[in-house]
*Asks:* 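Take this structure, written in structure tokens, and hold onto it; I'll ask about it next.
What you see below is based on every heavy atom in this structure, not just the backbone, and it leaves out hydrogens, waters and symmetry mates. First the proteins, then the strands, lettered A, B, ... as listed; each starts at 1.
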Amino acid sequence: MASRVRIRPQELRFAEKLASLHWPFVALLLLIGCVGYLVLYSAGGGNHQPWAWRHGARLAFGLVVMLTVALIDIRFWYRWAYVLYGGAFAMLVGVEILGEINKGAQRWVDLGFVQIQPSELMKIGLVLCLARYFHSAYLDEVKRPLYLLPPLAMIGLPALLVLKQPDLGTSIMLLAVGGSLLFLAGVRLWKFGLAIAAVAAALPVAWSGLHDYQRQRVLTFLDPETDPLGAGYHIIQSKIALGSGGFWGKGYLMGSQAQLSFLPEKQTDFAFTMLAEETGFVGALIVLLLYLAVVGLSLAVALRATHQFGRLLAMGIGINFFLYVLINVAMVTGLIPVVGVPLPLISYGGTAMLTTLVGFGFLLSVDVHHTTNIPRFPTDL
Amino acid sequence: MQHHAADRTRTFTRRALVVGAAQVGLFGLLAGRLWQLQVDDASRYALLAEENRVNQRLIVPPRGRIFDREGRVLARNVPSYRLRIVRENTPDLAKTLLDLARLIPLDQAQIDEILKTARAQRAFVPVLVREGLSWDEVTTVAVHSPHLPGVVLDSTLLREYPHADVLAHVLGYVGPVSPEEQAEDPDPLMRLPEFRIGKNGIEKAHDHLLRGRAGRSRIEVNAIGREIRELDRDDGISGADLQLSLDAELQLFCYERLSSELSASAVVVDVDTGAVLALASVPSYDPAAFTGRLSHQQWKEWRDNPRTPLVNKSIRGQYPPGSTFKMMVALAALEAGLVTPSYDVFCGGSVSLGNAKFHCWKSHGRVALHEAIAQSCDVYFYDLARRVGVDGIAAMARRFGLGAPLGLDLPGEQPGLVPTSQWKRETLGEPWQKGETLVIGIGQGYMLATPLQLAIMTARLCNGGRAVTPWFYRDPAAEPPAVGSVGVSQASLDHVLKGMSMVVNSQRGTAYRQRLTLEGVQMAGKSGTSQVRRITRAERAANLHKRKDRPWEHRHHALFVAFAPTDHPRYAVSVIVEHGQSGSGAAAPIVRDIMTRVLEIGPGVATVAASL
């Protein structure tokens with residue numbers, strides 16, 4: 001650890017930055033990404049095609065982007081935080097307008113060479129934005145209700161837009177990440193109590209605002225056996241695959257439910273099920289522990305940072321990552337309805353992989369620049 | 001400032017640790033859930049996974065064959081070769097089909113149809129190209145198979161009936177299972193599209209014996225039903241072979257003999273056992289038409305034909321028995337003690353009752369019982385019928401098997417009709433008329449009987465009053481069912497039998513010309529001619545009712561029942577020729593020929609001799 005303590009952190013040279021990178025963290029992410037490769041190799045029926053190799057390529061590309069983001073000065077990101085949030089918000093509005101035009105759900109922006117899901121970008125944008133907002137706020141200010149209106153809008157507006165897409169899972173994640181950051185920034189607990197009460201009161205209203213397919217998901221979640229071949233099929237098949245894996249699993253590439261395609265979307269949302277079927281409780285638990293290690297290291301990075309921006313940014317990224325894992329695993333084990341959240345670094349999918357790694361890029365940047373002094377307002381820089 | 005910052009850091013640290021603890025807790029919850037699914041409930045889910053993975057496929061057992069009493073095959077299974085093609089195994093389906101068309105007849109329309117079917121289903125599901133390939137075609141395709149990717153040759157079993165139309169009414173045929181049949185039979189075989197069930201005749205009556213038990217093949221499948229591999233297999237149990245009481249040679253003879261008529265039926269039974277030796281009905285149909293694809297035109301033709309080729313007249317045709325019923329009337333009178341065999345009546349050609357006049361077919365003068373039967377004097381039986389009454393006659397007729405199905409193991413047996421005064425009150429709401437009793441006395445009016453019932457009636461008359469019932473198949477291992485008695489004194493029976501013998505063997509008998517020409521064997525019988533429509537007074541005056549040029553469907557039905565040998569009866573025969581005009585003229589010669597043939601073949605002689 002001694003090598004990571006620097007005397008003049010404000011003016012780090014490139015080599016110093018490279019040396020001070022949190023390499024164990026990078027290695028951990030690479031390890032999980034490789035687990036993803038193996039899972040997708042199995043999902044392809046013991047084949048690098050069609051998923052595994054692209055997953056690997058994306059992982060490599062994503063890691064490079066992550067390191068690039070990590071090496072850029074944290075003050076740069078602090079300065080551009082609102083702009084990045086604004087950009088993500090503009091894209092969200094953009095897909096909403098496109099959706100109106102195309103008369104259908106629209107979640108993607110096609111930039112020609114890559115399709116971007118603005119709701120994924122927004123997860124990072126929101127964290128950056130809230131971290132910056134609360135960096136410049138003192139605890140007394142945070143305790144003033146009026147002062148909380150801008151961050152509530154920062155959370156609420158994108159959450160509403162995403163909900164309208166409709167993407168319930170991402171919407172809930174935005175609210176949860178935002179709420180966590182408010183909590184970490186020091187918002188009084190009674191205000192959370194009030195918010196929870198308000199949400200409870202609003203539930204019936206929200207229920208009526210849900211799309212039919214979303215309601216169906218909730219209803220079949222509550223009793224999947226009522227619709228075994230329809231909406232309940234995914235949950236039932238996932239539980240069968242998981243449960244039949246047993247303690248030690250059926251063996252790599254030997255998961256009958258996944259290999260025989262009883263398991264739907266085994267390369268994306270149900271990748272964890274496939275893994276747990278083939279490697280059993282032991283394999284699933286190991287993967288969960290890997291994820292927990294990432295979450296724990298994120299917490300450590302946050303606690304080590306000397307500036308509020310970095311602390312909130314690192315915690316926000318860590319919580320976001322944690323929520324991915326929590327929602328995905330809870331979904332495939334039948335604890336919550338099917339909401340369509342991928343398993344980070346393992347599920348097949350470009351945007352999710354990229355945004356996860358970009359997010360960790362910010363987190364690593366916080367770590368590299370953990371003693372950097374960030375003034376309350378960017379003009380002070 | 002510094003104070004504020006420290007405060008904020010403290011709050012953050014405290015709350016970050018709370019968040020961290022919550023994260024650990026929630027991960028713990030996930031791990032617990034995984035433990036619950038993968039350890040606690042693992043065996044339950046393993047079972048469900050196995051059910052998912054394994055498809056049980058039923059194997060259709062070969063259907064039992066059917067033999068006649070001499071072991072001649074009546075129904076069997078022959079392999080039929082079919083050609084199928086699997087879309088995913090051929091790079092260019094259309095081209096492969098065109099290649100095939102050069103080897104076997106296959107026109108463009110068929111190719112288009114196959115392509116359409118193939119596109120509509122999953123790529124690994126075989127599509128039928130052609131069925132019923134000849135052996136030459138099979139070998140041609142097999143030789144070229146390396147150049148025909150995806151083409152699959154295999155064979156299925158088709159039901160074949162070597163005797164075709166001769167036995168169509170007895171054997172019936174097999175066909176695909178209907179939704180109704182599927183609903184009432186839980187046998188898993190019923191759900192298989194290629195399974196064939198007995199639709200008529202013996203095939204239907206003994207379907208459960210012939211069917212066998214389904215085999216099972218457990219196959220690993222994926223979620224869309226593609227078969228991955230066979231796990232294990234149980235071939236099931238083939239259907240049982242059945243040996244019928246029927247004699248194919250006799251059946252063929254009867255059928256061909258009847259074919260001289262437009263529409264006729266013949267039944268031959270063993271009088272000791274009730275075993276049906278022959279049961280023929282013309283015209284008939286080719287059961288192969290039902291095995292393949294029956295054209296609508298063919299079906300319509302058979303359905304609308306006035307000679308009803310699809311109807312088995314032997315058990316489904318119900319006719320007024322005419323004079324063949326007179327034995328019942330005579331027995332009813334004798335058993336009631338109302339008359340003695342020497343009781344005589346004067347026949348002047350007709351008798352009057354109230355305003356109505358009842359005719360005889362000629363003036364017989366004074367006749368007693370034996371002569372009255374031999375010459376079939378109507379006036380005599382009008383008299384007996386009037387004395388006994390309709391209900392007494394009906395009771396006797398029922399004892400001889402008339403008026404109710406006899407329980408032959410063949411679907412569709414009709415009950416006939418033996419009217420009583422009560423029946424008329426209940427059915428028609430009218431009281432019984434005295435004149436109607438007279439008409440019943442000569443087997444006309446409401447009276448109806450099937451040829452099978454008349455054969456069994458004759459058997460019960462000549463076998464000493466044993467109430468045998470007809471059958472084609474009985475489990476050879478099972479005890480034959482106990483045979484009751486009709487409860488008529490042998491003396492009365494003997495008088496009636498004597499009359500029947502005189503019908504054929506006395507010079508005045510109505511069928512004297514049809515007596516057997518065999519050495520030392522005599523036949524006894526009774527003719528019947530039953531009116532299809534009432535003869536009007538004008539017709540009778542003009543003697544129109546006896547003219548041969550009347551429309552076919554207006555002519556009388558011709559019936560004859562007989563048994564032989566007279567001294568030791570063994571076989572009973574009944575024949576009806578629809579609109580054959582005269583029992584002794586049209587039906588009796590057929591009975592004579594059939595009886596001659598059955599005596600020559602002598603079916604069952606050995607078994608009867610062994611049981612005696």
Side-chain angles (χ1 to χ4, degrees), chain A residues 134 137-142 180 183-186 236-237 239-247 249-250 255-257 259-264 276-277 280-282 284-285 288-289 291-292 295-296 298-300 302-303 306-308 311-312 314-315 318-319 322 325-326 329-330 333-335 376, chain B residues 1-55 122 124 218-229 231:
Chain A
F134 285 111
Y138 290 117
L139 205 53
D140 323 355
E141 289 175 337
V142 173
S180 304
F183 173 72
L184 290 165
I236 294 172
Q237 293 301 334
K239 281 161 77 176
I240 290 175
L242 270 167
S244 64
F247 191 79
K250 295 178 184 168
S256 65
Q257 300 309 293
Q259 298 294 351
L260 298 175
S261 309
F262 288 102
L263 187 63
E277 185 193 8
F281 175 74
V282 174
L285 194 66
L288 274 189
L289 288 175
Y291 280 124
L292 189 62
V295 171
S298 302
L299 183 68
L303 290 176
T306 57
H307 41 82
Q308 187 74 348
R311 291 182 198 133
L312 289 174
M315 275 309 280
I319 288 168
F322 166 79
V325 179
L326 177 74
V329 176
T333 53
L335 286 173
R376 274 187 72 188
Chain B
M1 289 290 281
Q2 208 51 37
H3 167 73
H4 285 302
D7 249 9
R8 195 166 70 164
T9 308
R10 261 203 307 281
T11 304
F12 175 84
T13 306
R14 203 167 49 234
R15 292 194 170 189
L17 289 173
V18 169
V19 168
Q23 287 171 329
V24 171
L26 286 168
F27 265 117
L29 181 75
L30 292 182
R33 174 64 170 172
L34 285 172
W35 178 271
Q36 185 192 0
L37 289 175
Q38 298 196 278
V39 181
D40 288 349
D41 294 341
S43 54
R44 185 166 74 88
Y45 286 113
L47 198 69
L48 287 172
E50 186 71 3
E51 282 174 13
N52 250 349
R53 179 175 75 95
V54 176
N55 243 5
R122 291 186 187 276
F124 60 84
R218 296 201 321 134
I219 294 166
E220 182 174 66
V221 295
N222 69 4
I224 54 170
R226 180 197 290 276
E227 292 168 9
I228 308 295
R229 66 197 167 102
L231 299 171

*Asks:* Taking the side chain as every heavy atom from C-beta outward, state whether A/Ser180 and A/Met315 have any atom pair closer than 4.5 Å.
*Replies:* no

*Asks:* Taking the side chain as every heavy atom from C-beta outward, state whether A/Ile319 and A/Val295 have any pair of such atoms under 4.5 Å apart.
*Replies:* no

*Asks:* For chain A, find which of B/Leu17, B/Leu34, B/Val39, B/Val24 contributes the most heavy-atom pairs closer than 4.5 angstrom.
*Replies:* B/Leu34

*Asks:* Is chain B contacted by the side chain of A/Tyr291, its backbone, both, or neither, given a heavy-atom distance below 4.5 Å?
*Replies:* both

*Asks:* Side-chain contact, heavy-atom cut-off 4.5 Å: B/Thr9 with A/Arg311?
*Replies:* yes

*Asks:* Sort A/Ile240 into side chain, backbone, both or neither according to what part of it lies under 4.5 angstrom from a heavy atom of chain B.
*Replies:* both

*Asks:* Of the backbone (N, CA, C, O) and the side chain (C-beta and beyond), which part of A/Ala241 lies under 4.5 Å from a heavy atom of chain B, both, or neither?
*Replies:* neither

*Asks:* Do you know which of A/Gly280, A/Ala284, A/Gly318 has the most heavy-atom pairs under 4.5 Å to chain B?
*Replies:* A/Gly280

*Asks:* Does any heavy atom of chain A fall under 4.5 Å from the side chain of B/Val18, the backbone, both, or neither of them?
*Replies:* side chain

*Asks:* Would you mind listing every side-chain hydrogen bond (donor to acceptor under 3.5 Å, both in side chains) that reaches into residues 13-33 of chain B, with sequence neighbours excluded?
*Replies:* B/Arg33-B/Gln36

*Asks:* List the residues meeting side-chain contact (heavy atoms from CB on, under 4.5 Å) with B/Leu26, not counting sequence neighbours, and say none if there are none.
*Replies:* A/Phe322, A/Leu326, B/Leu29

